[in-house]
Amino acid sequence: MPLFEADSLPGWSARRVAQFAPWHARGSVPARVVRADRDRWHVLAGAEPDPRPAVIRGRLRHEALGAEDLPTVGDWVALALPDPGAGDGPAVIESVLPRDSAFRRKAAGRETVAQVVAANVDTVFLVAGLDGDFNPRRLERYVTAIWESGAQPVIVLNKADLPDRGAVPALVAEVEAVAIGVPVVALSARAGDGLEALAPHLVAGRTVALVGSSGVGKSTLVNALLGEDRQATGAVREDDSRGRHTTSHRELVPMPGGAFLLDTPGMREFALWGEGQDGGDASGGLEATFADVEEIAAACRFGDCAHEAEPGCAVRAALASGALDPARHASWLKLRRELRAFAIRHDRRLQRAERARWKTVSKTVKEHMKQKYGR
Ligand code: GDP
Ligand code: ZN
């Protein structure tokens, strides 16, 4: 069956073929979600050139533990095609294959309910503008969240036409010092200058997404990369309720060269959603982003050093000697606090531990007061 050649679907790999084997045995075909609406999906199935509408199997909805388990843009799914004889009913999504990466954000409301805005993104272009708003420190948070998702960050410094020509390498170096191990590329999307530096990240089958603050030039870059109007490239034809053809965006767009651009509204500005890919340890991304600080902290005398007043604290020593930049230290502390607050909200075990800690603390305080003041 041609669908099972790894190269017949861009991004479909030998590993996916193995994952898919049980579904193949049941007559399903592999497909990729190019758009997800509330209860309607568009999928690209096998070698079909155009996306087709799909619904999900009732069982998939009933067995979903939360919104996270439902198909989202970028997901690989097992699809049951309608019987050729049975008119053209929608295809049915039977199952979502395991995700390599997932961008989650808080669903609306106060509860920390995760919603997956994008799945199976390989590479994220974190875009910043070399203009008046340029702030390397702001990138740290994004880089951390991108590592957390399971994707690989690439920092794109856009508007490289604005600073003095000679100043750009120093700006690149400044960012490289903050984002250790992350490729940094300077270019001008508007002038079309330097785009070729992104080519190694746009190889066939790769799925890339763009994030960054508003105004940094993401749309300009998308248009430059697609080399044509996104509307035309990404159109999905669908019938509205009156049976007319309307067009709307698909959000997983094939690019010249065979890579896919994942461009869904929730993805462009995602908040820090500090959860590990397996829902477990949230600190992996933090360690990667702050490898330099973590390395210093590893030399503290106590393994659980809070880097406050402990003797033998290597972090405080590095601050005192100037080896650690106070601003970088402050960013590290801030992200640690946020990740910890997040972990506590999410983890019952940690919640219990935190409550127990407070009980002990208040008991100790009470005892102390009693000793001191006799009551
Ligand atoms: P988005 O909000 O991130 O999608 O940003 P846009 O693509 O809408 O761009 C915001 C503004 O920055 C627009 O006025 C663009 O023309 C401008 N812009 C985008 N790329 C460049 C660039 O490479 N150089 C300069 N000087 N301006 C740019
Ligand atoms: Zn310490």
Side-chain angles (χ1 to χ4, degrees), residues 1-104 114-122 149-151 204-207 234 236-239 248 250-254 258-260 262 264 277-280:
M1 193 171 166
L3 282 176
F4 277 80
E5 284 157 26
D7 56 356
S8 68
L9 264 174
W12 184 247
S13 63
R15 191 171 47 82
R16 291 287 186 196
V17 170
Q19 271 176 357
F20 194 75
W23 295 105
H24 177 53
R26 278 177 246 183
S28 297
V29 298
R32 195 149 189 218
V33 177
V34 299
R35 184 186 164 108
D37 299 304
R38 207 178 174 67
D39 48 13
R40 197 180 151 89
W41 289 262
H42 280 90
V43 298
L44 207 51
E48 292 180 352
D50 292 316
R52 54 158 76 223
V55 294
I56 62 173
R57 185 70 75 201
R59 225 188 68 192
L60 178 55
R61 189 184 295 283
H62 297 311
E63 286 177 358
L65 295 176
E68 282 208 56
D69 294 340
L70 296 178
T72 192
V73 181
D75 265 325
W76 287 103
V77 296
L79 191 74
L81 292 172
D83 257 339
D88 43 273
V92 179
I93 297 173
E94 305 277 1
S95 181
V96 178
L97 302 194
R99 291 169 179 150
D100 288 339
S101 71
F103 280 86
R104 298 176 173 84
Q115 185 186 6
V116 179
V117 293
N120 301 318
V121 174
D122 299 304
S149 78
R206 204 76 75 77
T207 299
V236 163
R237 215 176 305 120
E238 56 186 325
D239 297 330
S248 63
R250 74 155 92 161
E251 293 165 357
L252 190 65
V253 189
F260 273 93
L262 192 152
T264 191
Q277 173 49 25
D278 53 6

For [X] and [Y], work out which heavy atoms get closest and say how close.
{"X": "S101", "Y": "A151", "result": "CB-N, 3.9 Å"}
{"X": "F103", "Y": "S149", "result": "CZ-OG, 3.1 Å"}
{"X": "A91", "Y": "P82", "result": "CA-CD, 3.9 Å"}
{"X": "L252", "Y": "G74", "result": "CD2-CA, 4.4 Å"}
{"X": "L44", "Y": "E48", "result": "CD1-O, 3.7 Å"}
{"X": "A18", "Y": "P22", "result": "O-CD, 4.1 Å"}

Taking atom [atom1] of [X] and atom [atom2] of [Y], what is their separation to the nearest 0.5 Å?
{"X": "I93", "Y": "R57", "atom1": "CD1", "atom2": "CZ", "result": "11.0 Å"}
{"X": "N120", "Y": "D122", "atom1": "CG", "atom2": "CG", "result": "7.5 Å"}
{"X": "L262", "Y": "E251", "atom1": "CG", "atom2": "CD", "result": "8.0 Å"}

Just wondering, do [Y] and [X] contact through their side chains at under 4.5 Å, heavy atoms?
{"X": "R40", "Y": "P53", "answer": "yes"}
{"X": "L97", "Y": "R16", "answer": "yes"}
{"X": "V73", "Y": "V117", "answer": "no"}
{"X": "I56", "Y": "P71", "answer": "yes"}
{"X": "L81", "Y": "R52", "answer": "yes"}
{"X": "L60", "Y": "E94", "answer": "no"}
{"X": "L79", "Y": "S28", "answer": "no"}
{"X": "V116", "Y": "R99", "answer": "yes"}

Proximity of F20 and W76 rings by center, below 6.0 Å: no

Steps toward side-chain contact (heavy atoms from CB on, under 4.5 Å) verdict (D39, R61): CA-CA 10 Å; D39 48 13; R61 189 184 295 283; 3.9 Å; yes

Salt-bridge contact D75-R32 (side-chain N to carboxylate O under 4.0 Å):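 No, no charged N to carboxylate O under 4.0 Å.
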
Cationic tip of R26 above W23 ring, under 6.0 Å, 45° of axis: yes

Derivation and outcome, side-chain contact (heavy atoms from CB on, under 4.5 Å), residues E68 and V96: CA-CA 11 Å; E68 282 208 56; V96 178; over 6 Å; no

